[in-house]
Peer 1: 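Questions regarding the structure given below will be posed in turn.
The shown structure was predicted, so the numbers you read here are calculated from the model rather than taken from an experiment. Letters A, B, ... mirror the listed sequences (proteins, then strands); counts begin at 1.
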Amino acid sequence: MRRTKALKKMLGLPYYLWSLFFILIPLGMVFYYGLTDRSGSLTFENIAAIVQAEHAKALFYALFLALIATAICLLLAYPLALILNTMRISTHSFTILIFILPMWMNFLLRTIAWQTLLEKTGVINGILSFLHLPPIHVINTPHAIILGMVYNFLPFMVLPIYNSISKIDRSIVNAAEDLGANGPQILLRIYLPLSVPGIISGITMVFIPALTTFVISKLLGGSKILLIGNVIEEEFTLTSNWNLGSGLSIVLMLFIIFNMILSAIFDKEGESNYL
Amino acid sequence: MIKTTLKKIYLILILIFLYAPILTLIVLSFNKSKTRAKWGGFTLDWYARLFRNEALMGALWNTLLIALAASVISTLIGTVAAIAIMHLSRKGRTVVLGITNIPMLNAEIVTGISLMLLFISFGFRFGLGTILLAHITFCIPYVILSVMPRLRSLNPYTYEAALDLGASPLYGYVKIVIPELMPGIASGFLMAFTMSIDDFIITHFTKGAGVDTLSTKIYTEVKKGIKPEVYALSTIIFVTVLVLLLLINKAPEKGEKK
């Protein structure tokens, strides 16, 4: 019996080694590069570089756009989750499927779709000129980036909220109705408080990819708008200043860790398991 | 009555928002005219060109190959790891699961550059191999997290009964535990597969020059301007995904009817 117990512990060895070599050591390397200069001596310059005008601007811009996109996602997703929850019909799972199907479409293709729609000579302007209406100029503006973020990450907000709302005991809602609560009261005092874990994990799952994106800003924002993700990506692929890129990534990770702590406090039931 | 109408309108608006871009791509894939704003007649020309486009077809092949390899390997490592994690002490389990969460919660760009730095420092040759290693790394956590709940709800007595009746521990595992875990293993495998197919950011940092998956190929193509072949490709991908999901969705219903 003792031998099989030791054997069971050995079973984990491949994964432990894997996570050491491909999760922990790589993260350590980001910190190593971020805290050293090119000659390998310790420095905090790469992290302090975040206060330089161009970097600080890219970070604040990314924070700003990610916050707006997250807020819009929340406002769109919450009513949707409520409505989906009331549709307790046989097509139930199929209905949910329809709303998350776009998520399985390739991420780049989804973003390209918006580029095609919004371009100066794109589909929307084509339709507008056909109707003799003035064209819109959305592509290469922050609006296009926010739109891209909302479109790409909306399902990440819908699913955790839907999961936590669907777990709410119907009898609580019925009891509130019997005791004379009206619609808004039920929403504010029953649904909202009980779906906080879902809301928090939805926020985390939208905010982090939105904050760190470089693809959406590049494809929909043109070359003029640089977010912190674009700055880091260029340090690695264009200018090859890995130390600076790593330093900025460490700053970015501080926001991620803050977000993780937040979701760890609220999301104890693991609402973020979205499949 | 007004309320249900409002609800329906809201659902329809969201559906339009979600599907208008995809429908546009599908319509454009049949459009003869190269300019997007005009309809120049129906054609299947872009599909023919897509299949003759060796770069895109090669990238598609790479994508499927990596997704299959990454999901098989990560399912094996992840399932075994989940069983081992269950036998750890409480403290050990917290530590291991904490580490497992890192690739899921960290920003993909950070995971990507961290693996890139690792591969450079240890002198890996960038190519399909490095992409595969990276994909396995971010796929394993999904497998572990979908197998763990099944393990928790496992009835330990059936396995013990098998041992009492003379089964060897290995035989007991293969005959009793693994079949119980199968739904979790299957959903972990599917999740790993879709994560791998859809990934762009981590692949972007861990691929070598000249080696592309579909996502990275599309990214470089798009910077030069979107070609209608890409629309044809999107249509094929969308239809494939739709059919697969409908099949998966239909399967359990049939079982229930029996």
Peer 1: Counting only non-hydrogen atoms closer than 4.5 Å, can you tell me which residues of residues 92-101 of chain B sit against chain A?
Peer 2: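 So far as heavy atoms go, B/Val96, B/Ile99, B/Thr100 are the residues that approach chain A to under 4.5 Å.
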Peer 1: If I measure from the heavy atoms of chain A, does B/Leu88 come under 4.5 Å with its side chain, its backbone, both, or neither?
Peer 2: side chain
Peer 1: May I ask you to name which of B/Gly78, B/Ala84, B/Ala82 has the most heavy-atom pairs under 4.5 Å with chain A?
Peer 2: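 Looking at each option in turn, the highest pair count goes to B/Ala84.
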Peer 1: For residues B/Ser121 and A/Met29, report the shortest heavy-atom separation together with the two atoms involved.
Peer 2: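 Minimum heavy-atom separation between B/Ser121 and A/Met29: OG-CE, 2.9 Å.
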Peer 1: Could you tell me which non-hydrogen atom of A/Phe236 sits nearest to which non-hydrogen atom of B/Met116, and how far apart they are?
Peer 2: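 So the two residues come closest at O-CE, 3.8 Å.
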Peer 1: Taking side chain as everything from C-beta outward and backbone as N, CA, C, O, which of these in B/Thr24 sits under 4.5 Å from a heavy atom of chain A? Side chain, backbone, both or neither.
Peer 2: side chain
Peer 1: Rounded to the nearest 0.5 Å, what's the gap from CD1 on B/Ile109 to CG on A/Leu211? Could you check?
Peer 2: 10.0 Å
Peer 1: Given a strict heavy-atom distance threshold of 4.5 Å, which part of A/Ile112 is in contact with chain B: side chain, backbone, both, or neither?
Peer 2: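 For A/Ile112, heavy atoms of backbone and side chain both lie under 4.5 Å from chain B.
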Peer 1: To the closest 0.5 Å, what do you measure between CZ (A/Arg110) and CD1 (B/Ile22)?
Peer 2: 8.0 Å
Peer 1: Within this structure, what is the CG-OH distance for the pair A/Leu109 and B/Tyr231, rounded to the nearest 0.5 Å?
Peer 2: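 Separation between the atoms: 10.5 Å.
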Peer 1: Out of B/Ile140, B/Ile237, B/Leu233, return the one with the most heavy atom pairs under 4.5 angstrom to chain A.
Peer 2: B/Ile140
Peer 1: Is any side-chain heavy atom of B/Val222 closer than 4.5 Å to a side-chain heavy atom of A/Leu108?
Peer 2: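 B/Val222 vs A/Leu108: side chains apart.
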Peer 1: Out of B/Leu133, B/Ile102, B/Leu13, B/Ile85, which one racks up the most heavy-atom pairs below 4.5 Å with chain A?
Peer 2: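 Of the candidates given, the most pairs with chain A belong to B/Leu133.
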Peer 1: Please tell me if the side chains of B/Leu117 and A/Ser246 come closer than 4.5 Å, counting only heavy atoms from C-beta onward.
Peer 2: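 In short, these two side chains touch, coming nearer than 4.5 Å.
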Peer 1: Would you say the side chain of B/Glu108 lies within less than 4.5 Å of the side chain of A/Thr212, judging by non-hydrogen atoms?
Peer 2: no
Peer 1: For the residue pair A/Trp18 and B/Ile136, establish whether any side-chain heavy-atom pair is separated by less than 4.5 Å.
Peer 2: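 When only atoms from C-beta onward are counted, B/Ile136 and A/Trp18 do touch, with a gap below 4.5 Å.
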Peer 1: Calculate, to the nearest 0.5 Å, the distance between atoms CD1 and OG belonging to A/Ile25 and B/Ser114 respectively.
Peer 2: 11.5 Å
Peer 1: Hey, is the main chain of A/Ile98 close enough, under 3.5 Å, to the side chain of B/Tyr19 for a donor-acceptor pair?
Peer 2: yes
Peer 1: Which atom names give the shortest non-hydrogen contact between A/Met105 and B/Asp198, and what distance separates them?
Peer 2: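 What the structure gives for the nearest pair is O-OD1, 3.5 Å.
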Peer 1: What option among A/Thr116, A/Thr213, A/Val30 has the most heavy-atom pairs under 4.5 Å with chain B?
Peer 2: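 Between A/Thr116, A/Thr213, A/Val30, the count favours A/Thr116.
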Peer 1: A/Leu80 versus chain B, heavy atoms under 4.5 Å apart: side chain, backbone, both or neither?
Peer 2: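 Contact with chain B involves both backbone and side-chain atoms of A/Leu80.
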Peer 1: For A/Glu119, which atoms come within 4.5 Å of any heavy atom of chain B: side chain, backbone, both, or neither?
Peer 2: side chain
Peer 1: Below 4.5 Å from any heavy atom of chain B, which atoms of A/Leu117 appear? Answer side chain, backbone, both or neither.
Peer 2: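 Just the side chain, heavy atoms under 4.5 Å.
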Peer 1: In terms of heavy-atom pairs under 4.5 Å, which option from A/Phe99, A/Phe107, A/Phe31, A/Tyr32 contacts chain B the most?
Peer 2: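 The residue among A/Phe99, A/Phe107, A/Phe31, A/Tyr32 with the greatest pair count is A/Phe99.
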Peer 1: Checking A/Ile124 against chain B: side chain, backbone, both or neither under 4.5 Å from a heavy atom?
Peer 2: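 Interface part for A/Ile124: neither.
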Peer 1: Report the relative orientation of the aromatic rings in A/Phe21 and B/Phe124; use parallel for angles under 30°, tilted for 30 to 60°, perpendicular for over 60°.
Peer 2: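 Correct class here is tilted.
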Peer 1: Less than 4.5 Å to any heavy atom of chain B: does that hold for the side chain of A/Ile250, its backbone, both, or neither?
Peer 2: neither
Peer 1: Hydrogens and angles aside, do A/Asn106 and B/Ser234 bring a side-chain donor and acceptor to less than 3.5 Å of each other?
Peer 2: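 No.
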Peer 1: Quick one: does A/Thr86's side chain get under 4.5 Å of B/Lys3's, heavy atoms only?
Peer 2: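 Side chain of A/Thr86 against side chain of B/Lys3, heavy atoms only: no contact under 4.5 Å found.
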Peer 1: Under a 4.5 Å cutoff for heavy-atom pairs, which residue among A/Leu11, A/Ile208, A/Val150 has the most contacts with chain B?
Peer 2: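 When all of A/Leu11, A/Ile208, A/Val150 are compared, A/Leu11 has the most.
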Peer 1: Chain A heavy atoms under 4.5 Å from B/Ile83: which part of the residue, side chain, backbone, both or neither?
Peer 2: side chain
Peer 1: Determine the minimum heavy-atom distance between A/Ile256 and B/Leu105, stating which atoms define it.
Peer 2: CG2-O, 3.6 Å
Peer 1: Go through B/Leu25, B/Leu18, B/Leu242, B/Leu170 and name the one with the most non-hydrogen pairs under 4.5 angstrom from chain A.
Peer 2: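 Most heavy-atom pairs under 4.5 Å with chain A: B/Leu18.
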Peer 1: Where the side chain of A/Tyr16 meets the backbone of B/Ala81, is there a donor-acceptor pair that is under 3.5 Å apart?
Peer 2: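 No, A/Tyr16 side chain to B/Ala81 backbone: no donor-acceptor pair under 3.5 Å.
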Peer 1: At a heavy-atom separation under 4.5 Å, does A/Pro155 approach chain B through its side chain, its backbone, both, or neither?
Peer 2: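 The answer is neither part of A/Pro155.
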Peer 1: Heavy-atom pairs under 4.5 Å with chain A - which of B/Tyr10, B/Phe200, B/Phe138, B/Phe238 has more of them than the others?
Peer 2: B/Tyr10
Peer 1: Counting only heavy atoms closer than 4.5 Å, note whether B/Met86 contacts chain A via side chain, backbone, both or neither.
Peer 2: neither
Peer 1: Let me know if A/Pro209 has heavy atoms under 4.5 Å from chain B in its side chain, its backbone, both or neither.
Peer 2: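 Contact with chain B is absent: no heavy atom of A/Pro209 under 4.5 Å.
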Peer 1: Considering only heavy atoms and a distance below 4.5 Å, find which of B/Ile120, B/Thr240, B/Ile197, B/Leu214 pairs most often with chain A.
Peer 2: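 Top option by heavy-atom pairs under 4.5 Å: B/Ile120.
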Peer 1: A/Trp114, A/Trp242, A/Tyr151: which one forms the most heavy-atom pairs within less than 4.5 Å of chain B?
Peer 2: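 Answer, by heavy-atom pair count under 4.5 Å with chain B: A/Tyr151.
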